[in-house]
Novice: 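Dumping the structure here so I can ask a few things about it.
All residue numbers in this chain count up from 1 along the given sequence. Worth saying up front: this structure is predicted, and the values here are computed from it rather than measured. Computed over heavy atoms, backbone and side chain alike; hydrogens, waters and symmetry mates excluded.
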Amino acid sequence: MEKAKRYIVFFIGLFINALGISFITKADLGTSPISSFPFTLGEFTVAFSVLLILLQILLLRSRFEKIQLLQIPVSLIFGYFIDFTMNLLFFLAPQSYPTKLVSLLIGCLILGFGVYTEVLANVVMLPGEGFVKAVCTAFNREFGKTKVCFDASMSIGAAVISLVLFHHMEGVREGTIISALLIGTIAGFYGRKLSFLPGLLFGEKKSDEEKEQTEPENGLVITIARE
(Lines give C-alpha, C1' and ligand atoms only; values in the text may rest on other atoms or scores of the structure.)
Protein backbone atom coordinates (compact mmCIF):
# COMPACT_ATOMS: atom_id res chain seq x y z
CA MET A 1 0.00 0.00 0.00
CA GLU A 2 2.79 2.42 0.91
CA LYS A 3 4.66 1.63 -2.33
CA ALA A 4 1.51 2.31 -4.37
CA LYS A 5 1.05 5.60 -2.53
CA ARG A 6 4.65 6.58 -3.26
CA TYR A 7 4.18 5.94 -6.98
CA ILE A 8 0.98 7.98 -7.00
CA VAL A 9 2.87 10.88 -5.41
CA PHE A 10 5.72 10.35 -7.90
CA PHE A 11 3.45 10.56 -10.95
CA ILE A 12 1.72 13.62 -9.53
CA GLY A 13 5.20 15.12 -9.23
CA LEU A 14 5.95 14.20 -12.85
CA PHE A 15 2.82 16.02 -14.02
CA ILE A 16 3.70 19.08 -11.94
CA ASN A 17 7.24 18.99 -13.39
CA ALA A 18 5.81 18.90 -16.91
CA LEU A 19 3.48 21.80 -16.18
CA GLY A 20 6.37 23.86 -14.83
CA ILE A 21 8.51 23.06 -17.88
CA SER A 22 5.67 24.12 -20.16
CA PHE A 23 5.24 27.44 -18.35
CA ILE A 24 8.98 28.10 -18.63
CA THR A 25 8.97 27.13 -22.31
CA LYS A 26 6.00 29.40 -23.02
CA ALA A 27 7.89 32.29 -21.43
CA ASP A 28 10.37 32.07 -24.32
CA LEU A 29 13.25 33.41 -22.24
CA GLY A 30 15.54 30.43 -22.54
CA THR A 31 14.63 26.81 -23.27
CA SER A 32 16.19 23.86 -25.07
CA PRO A 33 16.72 24.52 -28.81
CA ILE A 34 14.11 22.23 -30.33
CA SER A 35 12.45 24.38 -32.98
CA SER A 36 14.60 22.96 -35.79
CA PHE A 37 13.78 19.33 -34.99
CA PRO A 38 10.71 17.47 -36.37
CA PHE A 39 9.67 16.43 -32.86
CA THR A 40 7.47 17.80 -30.13
CA LEU A 41 9.07 18.86 -26.87
CA GLY A 42 7.76 15.70 -25.21
CA GLU A 43 9.04 13.40 -27.99
CA PHE A 44 12.48 15.00 -27.88
CA THR A 45 12.53 14.55 -24.09
CA VAL A 46 11.68 10.85 -24.46
CA ALA A 47 14.37 10.29 -27.12
CA PHE A 48 17.03 11.97 -25.00
CA SER A 49 15.89 10.04 -21.92
CA VAL A 50 16.25 6.71 -23.74
CA LEU A 51 19.78 7.73 -24.75
CA LEU A 52 20.63 8.43 -21.11
CA ILE A 53 19.25 5.02 -20.07
CA LEU A 54 21.41 3.28 -22.70
CA LEU A 55 24.45 5.16 -21.43
CA GLN A 56 23.65 3.99 -17.90
CA ILE A 57 23.61 0.37 -19.09
CA LEU A 58 26.94 0.83 -20.91
CA LEU A 59 28.52 2.41 -17.84
CA LEU A 60 27.24 -0.04 -15.24
CA ARG A 61 26.89 -3.28 -17.26
CA SER A 62 26.11 -6.04 -14.73
CA ARG A 63 25.69 -3.45 -11.97
CA PHE A 64 22.72 -1.87 -13.72
CA GLU A 65 19.66 -2.54 -11.57
CA LYS A 66 16.77 -3.98 -13.57
CA ILE A 67 14.29 -1.89 -11.59
CA GLN A 68 15.80 1.17 -13.27
CA LEU A 69 14.36 -0.05 -16.59
CA LEU A 70 11.19 1.53 -15.23
CA GLN A 71 12.83 4.79 -16.32
CA ILE A 72 11.69 3.92 -19.86
CA PRO A 73 7.91 3.92 -19.22
CA VAL A 74 8.39 6.82 -16.79
CA SER A 75 10.10 8.79 -19.60
CA LEU A 76 7.25 8.00 -22.00
CA ILE A 77 4.69 9.20 -19.46
CA PHE A 78 6.77 12.30 -18.70
CA GLY A 79 7.03 13.10 -22.42
CA TYR A 80 3.27 12.72 -22.78
CA PHE A 81 2.72 14.98 -19.76
CA ILE A 82 4.94 17.66 -21.34
CA ASP A 83 3.07 17.60 -24.65
CA PHE A 84 -0.28 17.51 -22.84
CA THR A 85 0.56 20.52 -20.67
CA MET A 86 1.97 22.40 -23.67
CA ASN A 87 -1.40 21.92 -25.39
CA LEU A 88 -3.21 22.72 -22.15
CA LEU A 89 -1.48 26.11 -22.08
CA PHE A 90 -2.27 26.88 -25.74
CA PHE A 91 -3.67 30.24 -24.66
CA LEU A 92 -0.43 31.29 -22.96
CA ALA A 93 1.68 33.37 -25.35
CA PRO A 94 3.18 36.32 -23.43
CA GLN A 95 4.39 39.10 -25.71
CA SER A 96 5.87 41.75 -23.46
CA TYR A 97 9.04 41.13 -21.48
CA PRO A 98 7.34 41.59 -18.05
CA THR A 99 4.64 39.01 -18.86
CA LYS A 100 7.29 36.60 -20.13
CA LEU A 101 9.19 37.06 -16.88
CA VAL A 102 6.01 36.38 -14.88
CA SER A 103 5.43 33.15 -16.86
CA LEU A 104 9.02 32.12 -16.21
CA LEU A 105 8.75 32.73 -12.47
CA ILE A 106 5.42 30.88 -12.25
CA GLY A 107 7.03 27.98 -14.09
CA CYS A 108 9.95 27.96 -11.65
CA LEU A 109 7.56 27.88 -8.68
CA ILE A 110 5.61 24.98 -10.21
CA LEU A 111 8.70 23.05 -11.32
CA GLY A 112 10.34 23.51 -7.92
CA PHE A 113 7.29 21.95 -6.28
CA GLY A 114 7.32 19.13 -8.82
CA VAL A 115 10.97 18.35 -8.07
CA TYR A 116 10.20 18.36 -4.35
CA THR A 117 7.28 15.97 -4.91
CA GLU A 118 9.43 13.64 -7.01
CA VAL A 119 12.07 13.51 -4.27
CA LEU A 120 9.37 13.04 -1.62
CA ALA A 121 8.08 9.89 -3.37
CA ASN A 122 11.58 8.33 -3.25
CA VAL A 123 11.00 5.64 -5.89
CA VAL A 124 12.38 5.27 -9.45
CA MET A 125 14.55 8.07 -10.88
CA LEU A 126 14.11 10.12 -14.01
CA PRO A 127 16.87 9.27 -16.54
CA GLY A 128 18.77 12.51 -15.89
CA GLU A 129 19.35 11.67 -12.24
CA GLY A 130 19.79 7.98 -13.11
CA PHE A 131 22.63 8.82 -15.49
CA VAL A 132 24.34 10.98 -12.87
CA LYS A 133 24.10 8.16 -10.34
CA ALA A 134 25.54 5.71 -12.92
CA VAL A 135 28.54 8.00 -13.47
CA CYS A 136 29.05 8.23 -9.70
CA THR A 137 28.90 4.44 -9.34
CA ALA A 138 31.21 3.77 -12.29
CA PHE A 139 33.84 6.35 -11.39
CA ASN A 140 33.35 6.61 -7.61
CA ARG A 141 32.30 10.26 -7.70
CA GLU A 142 30.17 12.33 -5.31
CA PHE A 143 26.58 12.73 -6.52
CA GLY A 144 26.02 16.43 -5.79
CA LYS A 145 29.12 17.68 -7.62
CA THR A 146 28.54 15.30 -10.53
CA LYS A 147 24.94 16.54 -10.82
CA VAL A 148 26.14 20.14 -11.01
CA CYS A 149 28.68 19.21 -13.72
CA PHE A 150 26.01 17.32 -15.67
CA ASP A 151 23.56 20.23 -15.56
CA ALA A 152 26.30 22.67 -16.56
CA SER A 153 27.36 20.44 -19.47
CA MET A 154 23.76 20.26 -20.68
CA SER A 155 23.51 24.05 -20.73
CA ILE A 156 26.86 24.39 -22.50
CA GLY A 157 25.88 21.67 -24.98
CA ALA A 158 22.62 23.45 -25.75
CA ALA A 159 24.53 26.68 -26.37
CA VAL A 160 27.02 24.94 -28.70
CA ILE A 161 24.23 23.20 -30.67
CA SER A 162 22.45 26.54 -30.96
CA LEU A 163 25.54 28.26 -32.36
CA VAL A 164 26.23 25.42 -34.82
CA LEU A 165 22.65 25.15 -36.12
CA PHE A 166 21.51 28.77 -35.94
CA HIS A 167 24.83 30.66 -35.84
CA HIS A 168 23.51 32.56 -32.84
CA MET A 169 22.15 31.83 -29.37
CA GLU A 170 18.70 30.26 -29.74
CA GLY A 171 16.91 28.91 -26.69
CA VAL A 172 19.69 29.61 -24.18
CA ARG A 173 19.01 32.95 -22.56
CA GLU A 174 18.61 34.62 -19.21
CA GLY A 175 15.69 32.34 -18.41
CA THR A 176 18.08 29.37 -18.47
CA ILE A 177 20.23 30.98 -15.77
CA ILE A 178 17.26 32.16 -13.71
CA SER A 179 15.74 28.68 -13.76
CA ALA A 180 19.01 27.03 -12.78
CA LEU A 181 19.37 29.36 -9.79
CA LEU A 182 15.76 29.41 -8.63
CA ILE A 183 14.43 25.87 -8.99
CA GLY A 184 16.80 24.28 -6.47
CA THR A 185 16.17 27.12 -4.03
CA ILE A 186 12.41 26.79 -4.42
CA ALA A 187 12.47 22.99 -4.05
CA GLY A 188 14.56 23.35 -0.89
CA PHE A 189 12.07 25.91 0.45
CA TYR A 190 9.18 23.49 -0.11
CA GLY A 191 11.22 20.78 1.61
CA ARG A 192 11.65 22.91 4.72
CA LYS A 193 8.10 24.25 4.88
CA LEU A 194 6.44 20.90 4.10
CA SER A 195 8.67 18.72 6.27
CA PHE A 196 5.53 17.25 7.86
CA LEU A 197 4.41 15.61 4.57
CA PRO A 198 6.53 12.41 4.75
CA GLY A 199 4.94 11.58 8.11
CA LEU A 200 1.48 12.56 6.90
CA LEU A 201 1.66 10.58 3.65
CA PHE A 202 3.91 7.66 4.51
CA GLY A 203 3.93 7.57 8.31
CA GLU A 204 7.61 8.39 8.60
CA LYS A 205 9.91 11.27 9.39
CA LYS A 206 12.75 12.40 7.20
CA SER A 207 16.14 11.17 8.29
CA ASP A 208 19.08 13.54 8.52
CA GLU A 209 20.58 11.84 5.45
CA GLU A 210 17.45 12.45 3.38
CA LYS A 211 17.38 16.09 4.47
CA GLU A 212 20.94 16.52 3.29
CA GLN A 213 20.01 15.01 -0.07
CA THR A 214 16.97 17.20 -0.67
CA GLU A 215 17.84 20.44 1.16
CA PRO A 216 21.14 21.92 -0.04
CA GLU A 217 23.29 23.96 2.31
CA ASN A 218 23.67 26.87 -0.08
CA GLY A 219 20.06 26.70 -1.28
CA LEU A 220 21.07 26.59 -4.95
CA VAL A 221 21.30 22.92 -5.88
CA ILE A 222 18.93 20.08 -5.13
CA THR A 223 20.25 16.57 -5.56
CA ILE A 224 18.35 13.31 -5.88
CA ALA A 225 20.31 10.36 -4.52
CA ARG A 226 18.85 6.97 -3.70
CA GLU A 227 20.83 3.85 -2.85
Novice: Could I get the full list of ring pair (Phe, Tyr, Trp, His ring centres under 6.0 Å) partners for Phe78, not counting sequence neighbours?
Specialist: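 If we apply the ring pair (Phe, Tyr, Trp, His ring centres under 6.0 Å) test to Phe78, skipping adjacent residues, there are no hits.
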Novice: Could you list all the salt bridge (charged side-chain N to carboxylate O under 4.0 Å, His left out) pairs where at least one residue sits in residues 89-110, not counting sequence neighbours?
Specialist: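 Output for this query lists Asp28-Lys100.
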Novice: Flag the pair Tyr116 / Leu197 as yes when at least one side-chain heavy-atom distance between them is below 4.5 Å, and no otherwise.
Specialist: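 Side chain of Tyr116 against side chain of Leu197, heavy atoms only: contact under 4.5 Å found.
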Novice: By side-chain contact (heavy atoms from CB on, under 4.5 Å), which residues pair with Tyr80, not counting sequence neighbours?
Specialist: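 Phe84.
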Novice: Would the number of heavy atoms belonging to other residues, nucleotides or ligands and lying under 6.0 Å from CZ of Phe64 be above 12?
Specialist: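 Yes, enclosed.
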Novice: In the single-linkage hydrophobic clustering (I, L, V, M, F, W, Y; side-chain heavy atoms under 4.5 Å), do Leu88 and Leu111 co-cluster?
Specialist: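 Yes.
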Novice: With heavy-atom distances below 4.5 Å as the criterion, would you say the side chains of Val50 and Ser75 are in contact?
Specialist: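 When only atoms from C-beta onward are counted, Ser75 and Val50 do not touch, as no gap falls below 4.5 Å.
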Novice: What is the minimum heavy-atom distance between Ala121 and Arg6, and which atoms define it?
Specialist: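 Distance-wise, the nearest heavy atoms are O-NH1, 3.0 Å.
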Novice: Measure the shortest side-chain to side-chain distance between Phe23 and Leu104 over non-hydrogen atoms and say whether it is less than 4.5 angstrom.
Specialist: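 Not in contact.
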Novice: CZ/Phe196 to CG/Leu201 distance, rounded to the nearest 0.5 angstrom?
Specialist: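 Answer for the CZ-CG pair, Phe196 versus Leu201, is 9.0 Å.
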Novice: Grab the two heavy atoms, one from Thr117 and one from Val9, that are nearest each other, plus how far apart they are.
Specialist: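 Smallest heavy-atom distance, with atoms named: CG2-O, 3.3 Å.
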Novice: Kindly assign one of parallel, tilted or perpendicular to the pair Phe15 and Phe81, based on the angle between their ring planes and the thresholds 30° and 60°.
Specialist: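 Perpendicular, since the angle between the ring planes exceeds 60°.
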Novice: Within the distance-only criterion (no hydrogens, no angle test), does the side chain of Tyr190 pair as donor or acceptor with the backbone N or O of Leu109 below 3.5 angstrom?
Specialist: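 Yes, the answer is positive, given that a donor and an acceptor are paired below the 3.5 Å cut-off.
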Novice: State plainly whether one hydrophobic cluster holds both Ile106 and Met86, where clusters connect Ile, Leu, Val, Met, Phe, Trp and Tyr through side-chain heavy atoms under 4.5 angstrom apart.
Specialist: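 Yes, Ile106 connects to Met86 through the hydrophobic network.
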Novice: Can you tell if the side chain of Tyr7 reaches within under 4.5 Å of the side chain of Leu70, non-hydrogen atoms only?
Specialist: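 Yes - at least one pair of side-chain heavy atoms lies under 4.5 Å apart.
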Novice: Out of curiosity, Ser62 OG to Ile57 CD1, how far, rounded to the nearest 0.5 Å?
Specialist: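 If we round to the nearest 0.5 Å, Ser62:OG and Ile57:CD1 are 12.5 Å apart.
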Novice: Side-chain heavy atoms under 4.5 angstrom apart, residues restricted to Ile, Leu, Val, Met, Phe, Trp, Tyr: same cluster for Ile53 and Val132?
Specialist: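 No, no single cluster joins them.
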Novice: Indicate the atoms forming the closest heavy-atom contact of Lys26 with Phe90, along with that distance.
Specialist: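 Scanning both residues, the minimum pair turns out to be NZ-CA, 4.0 Å.
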Novice: Do the side chain of Glu65 and the main chain of Arg63 share a donor and acceptor less than 3.5 angstrom apart?
Specialist: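 Not confirmed, Glu65 side chain does not pair with Arg63 backbone.
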Novice: Under 4.5 Å between side-chain heavy atoms, hopping through other hydrophobics if needed: is there a path connecting Leu54 to Val135?
Specialist: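 No, separate clusters.
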Novice: Are Leu126 and Ser49 packed together at the side-chain level, in the sense that at least one heavy-atom pair is separated by less than 4.5 angstrom?
Specialist: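 They are not in side-chain contact.
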Novice: Hey, what do you get for CG (Leu105) to CD1 (Ile110), rounding to the nearest 0.5 Å?
Specialist: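 One finds 11.0 Å between CG of Leu105 and CD1 of Ile110.
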Novice: In terms of hydrophobic clusters joined by side-chain contacts under 4.5 Å, are Val102 and Leu19 together?
Specialist: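 Looking at the clustering, Leu19 is in the same group as Val102.
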Novice: Can you find a heavy atom in the side chain of Leu194 that is under 4.5 Å from one in the side chain of Phe113?
Specialist: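 The answer is yes; the side chains approach within 4.5 Å.
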Novice: Does the side chain to side chain contact (heavy atoms under 4.5 Å, CB included) test come out yes or no for Asn17 and Glu118, once each step is laid out?
Specialist: CA-CA 9 Å; Asn17 278 341; Glu118 179 193 343; 3.3 Å; yes
Novice: Closest heavy-atom contact between Leu59 and Ala138?
Specialist: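 Nearest heavy atoms, Leu59 then Ala138: O-CB, 4.1 Å.
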Novice: Can you confirm whether the side chains of Ser22 and Thr25 place a donor and an acceptor under 3.5 Å from each other?
Specialist: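 No, no side-chain donor-acceptor contact under 3.5 Å.
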Novice: I need the minimum non-hydrogen distance between Val123 and Lys3, along with the two atoms involved.
Specialist: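 Residues Val123 and Lys3, closest heavy atoms: CG1-CD, 4.4 Å.
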Novice: Given Gln56 and Lys133, is the side chain to side chain contact (heavy atoms under 4.5 Å, CB included) satisfied, shown in steps?
Specialist: CA-CA 9 Å; Gln56 290 175 51; Lys133 183 182 177 183; over 6 Å; no
Novice: Taking all non-hydrogen atoms of both residues into account, name the closest pair between Ile82 and Ala18 and its distance.
Specialist: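 Closest heavy-atom pair between Ile82 and Ala18: N-CB, 3.6 Å.
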